[in-house]
Amino acid sequence: MKPDLSSARVEVARLRDQLNDFNYQYYVLDDPCVPDAEYDRQLRSLQQLEREYPELLSNDSPTQRVGGQPLEGFTQVTHEVPMLSLDNAFSADELLAFEKRLQDRLNSKITLEFACEPKLDGIAVSLLYDNGVLVRGATRGDGSTGENITANVRTIPSIPLHLRGENYPPILEVRGEIYMPRAGFERLNEQARARQEKPFVNPRNAAAGSLRQLDPRITATRLLQMCCYNVGRVEGYNLPDTHSEVLQLLNAWGLRINAEMDVVQGASQCQQYYENLSEKRDSLAYDIDGIVFKINRLALQQRLGFVSRAPRWAIAYKFPAQEEITRLLDVEFQVGRTGAVTPVARLQPVFVGGVTVSNATLHNMDEVERLGIMVGDSVVIRRAGDVIPQIVKVIENRRPDDAQTIELPIECPVCGSEVEREEGEAAARCSGGLYCQAQRKEAIKHFSSRKALDIDGLGDKLVEQLVDENLIHHAADLFNLTLDQLLPLERMGKKSAENLLESLASSRETTLPRFLYGLGIREVGEATALSLARYFKTLDALMAANEEQLLEVDDVGPIVAHHIHRFVRQPHNIEVINSLQERGVCWPDLQVDAGTRPLEGQIWVLTGTLHTMGRSEGKSRLQELGAKVAGSVSAKTTTLVAGEKSGSKLNKAEDLGIRVLNEEEFIVQLFKLESN
Ligand code: 5U1
């Protein structure tokens, strides 16, 4: 039954307060208090009432985030108080020099107090609240004039349309950074790739592109966030004495501030903060490019004032750049274990993200084409976190006249066999199989790797030497090596040679899943090897299976079945498998009882550091219980185990409403399941 107007008004106010509280808990405090379904139910009730009583509609209602029509263009906004930029420091010495400049200017040697927080790699914006209502959102622009992006900022859930509480200033203009968390960036690029569109180069560009949309409905689909770091203008209100207290106040009014914000004494503690955050950087849910240090006392800030467009009282201590420009000197083609011929960029060495980079993979010829890259080009390379360096784009207007096109070789650069490219496949492959020395080396490296036979002391360089010296041709030859053969090798002492022979002897005893994985069959990773072993229980049964029988196995589709079937029928593979067994490689029989696999059908993901057992042990114990363990979180994930320093996977799981266990909860679960 339709309520009367006055009870509708009360209910509308109650629902708005409730929904604003939920939003605040979720987006500003990162502490969700109700399931998404509850939020949706209340939002729908509010929408229903606002439809029934349009006179109760208001612009700051949580139902009104996404506006109607696309804009024709952005109008200009003048910043009454200019939006400043920051001076930079790039070393501990420059930080000390900053402290000294401040002390000299203040004519005092007292230890200065600094507020510190990460410098987010996003877009600086200003938000204007008039009597608590968000009336304007603007980009920084040149600091004096920016663009009016109100319709777009309204779609960002961590930006309140109305300030919380009652005790806010009649006029408040806050500044901060709008950024795209890494999980949102990955999701956006996955979608772009699925639509064959060009992905964004980095989260910052993705955030900028999202804010420049004329249609706010598009912005609303992008995962954006805002963290506030300063007050531009305030009227009718006395701010507290310190910057850190101002931030707490902003937070109480419903604005998001950075959770890493801290207050420290003197440059030495600033340096400590910088180092701690450098270590934490990769595990944060968002990109940062440095730390901002600000004199905490506002009175001191005022005494120090500004030089040109930057305050004297603040500095951005930058991390080593993650993007740099360098030149593509050459492209070489490397041959991998499965014969894939990969173009590798040889670069003019460049210091980026804290290391010198001189190589980057170009993945395949599709990528070469997508980038439109030529030898001699100036390129932007990016190294974020532990991720391998990527060439993100070519600076076309710097292309030299003698730039050369990159061509896929017709013959394998290692063995001279024909290079083939199957239809629908991005990779080109050397057709030489185990005749190709490069493929043989990679196959042996894979066979001895940690997840396969785990042969201690047999590094990549040693495998290469052994193959180059013709001491081994395939994996089985490893088990015939003698001390006399090893001792003359480069950098091989007697002790290392003896240790290697010992670890070879002990690695003979393995498990069927490890052995199958170690064979290096195309598309057979750890999980598939485990499923195959569980299904067939013996190697003979697997080798005798036809493609139809292989398709019965979990994880095995037609392509994988085809690769396995082909592999176990090739005479040289049969020969290697037989020799390995003749030379003592063995495993215990597998007797897996279906009753002991309570996690059958579930998909788990492990992330962060697990102190008690490590991820690899956690993974195999889950697999023993029947779970599939995946590397990334998707809507199909059943449970995420989040160890210490969990980053974007945790955020994504939370966004998708997936069950998350911490390390302790995970161990309790494991014990329970294993003891059943
Ligand atoms: N975290 C943070 N980023 N950031 C950027 N604080 C901060 N402060 C800024 C800027 C431009 O400027 C104020 C010092 C005015």
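All ligand and atom numbering here is 1-based and tracks the order in the structure.
Here the options are R175, E173, R233, R140, the test is side chain to side chain donor-acceptor pair (under 3.5 Å), and the partner is S126; only E173 passes.
Side chains of T242 and E245: a donor on one and an acceptor on the other come within 3.5 Å.
A salt bridge links E367 with R370: at least one charged nitrogen is closer than 4.0 Å to a carboxylate oxygen.
In terms of modelled atom types and a separation under 3.5 Å, the side chain of N662 and the main chain of E665 share a donor-acceptor contact. Checked by atom type and distance alone, the side chain of Q269 never pairs as donor or acceptor with a backbone atom of V264 at under 3.5 Å. In this structure, D215 contributes its side chain and R217 its backbone to a donor-acceptor pair below 3.5 Å.
The N/O atoms of K119, backbone and side chain alike, include none that comes under 3.5 Å of an N/O atom in ligand 1. Between L86 and ligand 1, no pair of N/O atoms sits closer than 3.5 Å.
Nearest to atom 6 (N) of ligand 1 among the protein's heavy atoms is K294 NZ, 2.9 Å. Nearest to atom 13 (C) of ligand 1 among the protein's heavy atoms is N230 ND2, 3.9 Å. Nearest non-hydrogen protein atom to atom 9 (C) of ligand 1 is Y229 CE1, 3.4 Å. Atom 11 (C) of ligand 1 has its closest protein heavy atom at L84 O, 3.6 Å.
Between P160 and G254, the shortest heavy-atom contact is CG-O, 3.4 Å.
Using a 4.0 Å cut-off to heavy atoms of P118, the atoms of ligand 1 that qualify are 1 (N).
For M83, no heavy-atom contact with ligand 1 is shorter than 4.0 Å. Under 4.0 angstrom from ligand 1, there are no non-hydrogen atoms of A124.
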